[in-house]
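Here's the structure we're looking at; comments come further down.
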Amino acid sequence: MHHLLLFNIIDQIRALGWGGAFTLLRNGIVLGSLYSLIALGYTMVYGILKLLNFAHGDVFMIGTFMGYGVLIAFGGALAPTIPFIPLILLMFAVSMAGSGVVGVGIERFAYRPLRNAPRIAPLISALGVAFFLENSAQLLTNSAHELYNGYALGGKNGNFGPLLNPVFTIDQVPVTVIMVIVVLTAIALMAALVLIVYRTKLGKAMRATSFDREAASMMGIDTDRVISMTFFIGSVLAGAAGVMYGLYIGDAYFFIGFLFGLKAFTAAVVGGIGSLPGAMLGGVLIGVVEAFATGYAGGQWSEIVVFGILILFLLVRPTGLLGSPAIQKV
Amino acid sequence: MTDVDGEQDAGNGAAPEPLLRLDAVDTFYGPIHILQGLNLEVGAGELVCLLGGNASGKSTTLKTVLGIVRPRNGSVSFEGEDITSRSTSYRIGKGMAIVPENRRLFGPMTVLENLEMGAYLHGGGAKEDFDRVYTLFPLLHERRKQLAGTMSGGEQQMVAMGRALMAKPKLLLMDEPSMGLAPILVERSFEIIKQVHESGVAMLVVEQNANVSLSIADRGYVLSTGRLVLEGPAAELREHEDLRKAYLGR
Ligand SMILES: Nc1ncnc2c1ncn2[C@@H]1O[C@H](COP(=O)(O)OP(=O)(O)OP(=O)(O)O)[C@@H](O)[C@H]1O
Ligand SMILES: [Mg+2]
């Protein structure tokens with residue numbers, strides 16, 4: 001028997017084998033897709049306002065509750081009153097739109113009044129909003145873990161539904177419908193985001209405003225509106241991540257925004273805060289690192305490793321993997 | 001020509017409403033009083049230059065015209081409409097555009113995208129607007145895919161001019177268009193200013209280079225620490241003792 005962590009890890013790697021490694025990789029990519037979606041919101045807001053929007057993780061948390069609310073309104077996963085595909089689509093629609101509105105509201109009331117204040121002021125305001133949202137959710141939900149029971153969606157008489165069916169298997173490791181949904185939805189949303197940012201008038205106005213807000217307003221761009229839209233889009237992505245978190249991981253809980261949000265923030269920093277491809281890459285990287293740390297070293301290590309990486313990047317490479325070197329340290 | 005010290009000669013009877021009018025404008029940055037009782041007009045199709053030393057308030061004047069900063073007292077009107085409390089985008093929609101100090105291009109965006117931003121309130125630019133700008137600056141068409149931040153200073157100046165012209169302005173504001181350009185490019189850029197002016201666009205041009213700008217302007221104003229100290233037809237200003245001493249170096 002060894003007591004050294006390193007030996008334990010090596011034993012674990014041997015014991016789990018290739019199948020185990022693939023399982024961890026699979027879990028990491030699915031989890032990482034959610035981190036990527038949330039990281040995009042952090043990075044977009046940072047890009048346009050140079051603000052770390054600490055409340056963003058809690059917008060994601062509210063998204064999980066909105067999805068849950070729709071699910072319950074239609075009978076819950078065990079006895080849904082409408083077919084499960086429209087139900088899931090409705091959960092996405094409501095959570096995405098609702099989170100978007102919450103994000104816009106946060107910007108309007110907590111950040112916009114501080115637009116010309118020193119940079120520390122909106123940062124403190126962001127922390128305040130985060131606590132406000134967490135504590136409100138705690139009060140409103142009585143600190144309950146609201147279970148999605150996503151496994152039962154579409155199943156008959158409370159049996160397993162199709163979400164846990166394998167789509168394909170690699171080395172006897174199944175990749176299920178919900179995993180495919182998470183990854184494909186994340187990819188589709190990111191593709192849509194890239195199209196918006198690089199191809200539409202709004203997206204170009206967002207880039208112009210990020211680069212030089214005053215010059216953008218000199219072109220007639222209503223920069224307040226552009227900033228609102230940035231919060232809206234980032235929060236819509238967080239809302240989508242919220243529903244998928246509920247369906248895949250299982251529950252809505254007032255405190256998930258903190259830890260999950262912090263990991264997504266780590267992803268944004270690792271990718272290079274302000275960079276869209278960076279947030280996407282960073283999310284998947286953090287997801288995979290976390291999954292391997294959990295699988296090989298044990299769950300108690302996952303946070304230590306992830307936040308160790310955050311500290312390492314902040315110290316050694318604050319611009320992240322894909323960030324521009326000119327970026328300011330916060 | 002008038003030496004401005006308080007009294008303003010009233011318009012001769014039924015003078016037409018100028019395109020732009022600043023009336024007794026006081027602009028502050030926080031507690032600092034910058035523009036002090038500024039009166040200034042630009043007629044339709046007129047080319048007016050605004051001269052003055054460093055920190056005299058020239059850029060602040062343009063920002064006040066655009067609504068980037070708001071005057072504490074006084075009014076700004078455009079085509080006879082009081083726009084003092086209107087947003088910048090409203091003013092640009094009404095027919096203003098600016099070539100800002102230091103150009104302020106969107107560096108990580110392409111030349112084409114920069115031009116599109118100039119026409120932001122006009123649907124991102126109709127083909128004829130692009131054609132007009134590309135005729136004036138054929139290089140911009142050639143380089144439309146290049147990132148604006150990677151262009152040379154002279155080329156960036158063309159992008160900044162082209163971007164402003166995309167808005168089809170009635171009034172074009174220019175803040176030191178010749179700054180940082182080699183003499184030959186200064187001449188070239190003033191030729192273009194003249195050309196644009198002759199196409200009917202009114203202009204308010206801020207310049208340190210008084211000689212060249214007065215040679216193409218209709219009228220001029222001279223600012224000193226936020227107050228007008230001289231105004232009049234360009235030809236007369238060129239001959240004015242004080243101005244010659246202070247700015248023309250002869
Ligand atoms: N945003 C600002 N906040 C505080 N003071 C400002 C601001 N912008 C300009 N000023 C001050 O206002 C005064 C006038 O500045 P302005 O930029 O209008 O001068 P200018 O005539 O354009 O000078 P230059 O020829 O050097 O460009 C200066 O003393 C400047 O320091
Ligand atoms: Mg200036």
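Fair warning: this is a prediction, and the values are worked out from it, not measured in the lab.
Of all non-hydrogen atoms in Ser89(B) and Asp222(A), the two that sit nearest each other are OG-CB, 4.4 Å. Residues Ile68(B) and Ser217(A) come closest through the heavy atom pair CD1-OG, 3.5 Å. Shown here for Arg225(A) and Tyr120(B), the closest heavy-atom pair between the two residues is NH1-OH, 4.0 Å.
Note on Gly118(B), Pro108(B), Ala119(B), Pro100(B): by heavy-atom pairs under 4.5 Å with chain A, the leading option is Pro108(B).
With rounding to the nearest 0.5 angstrom, the CG atom of Leu121(B) is 6.5 Å from the NZ atom of Lys201(A). With rounding to the nearest 0.5 angstrom, the NZ atom of Lys204(A) is 6.5 Å from the CG atom of Leu112(B). The distance from the CZ atom of Phe211(A) to the CG atom of Leu105(B) is 8.5 Å, given to the nearest 0.5 Å.
Contacts of Leu173(B) with chain A are absent, with no heavy-atom separation under 4.5 Å from either backbone or side chain. Only the side chain of Leu66(B) has a heavy atom closer than 4.5 Å to any heavy atom of chain A. Within the 4.5 angstrom heavy-atom criterion, no atom of Arg91(B) approaches chain A.
At least one side-chain heavy atom of Phe106(B) sits under 4.5 Å from a side-chain heavy atom of Met219(A).
Under a cut-off of 6.0 angstrom, the local environment of CZ in Phe132(A) is sparse, with at most 12 non-hydrogen atoms contributed by other residues, nucleotides or ligands. Taking a 6.0 Å sphere around CZ of Arg144(B), one finds it holds more than 12 heavy atoms contributed by other residues, nucleotides or ligands.
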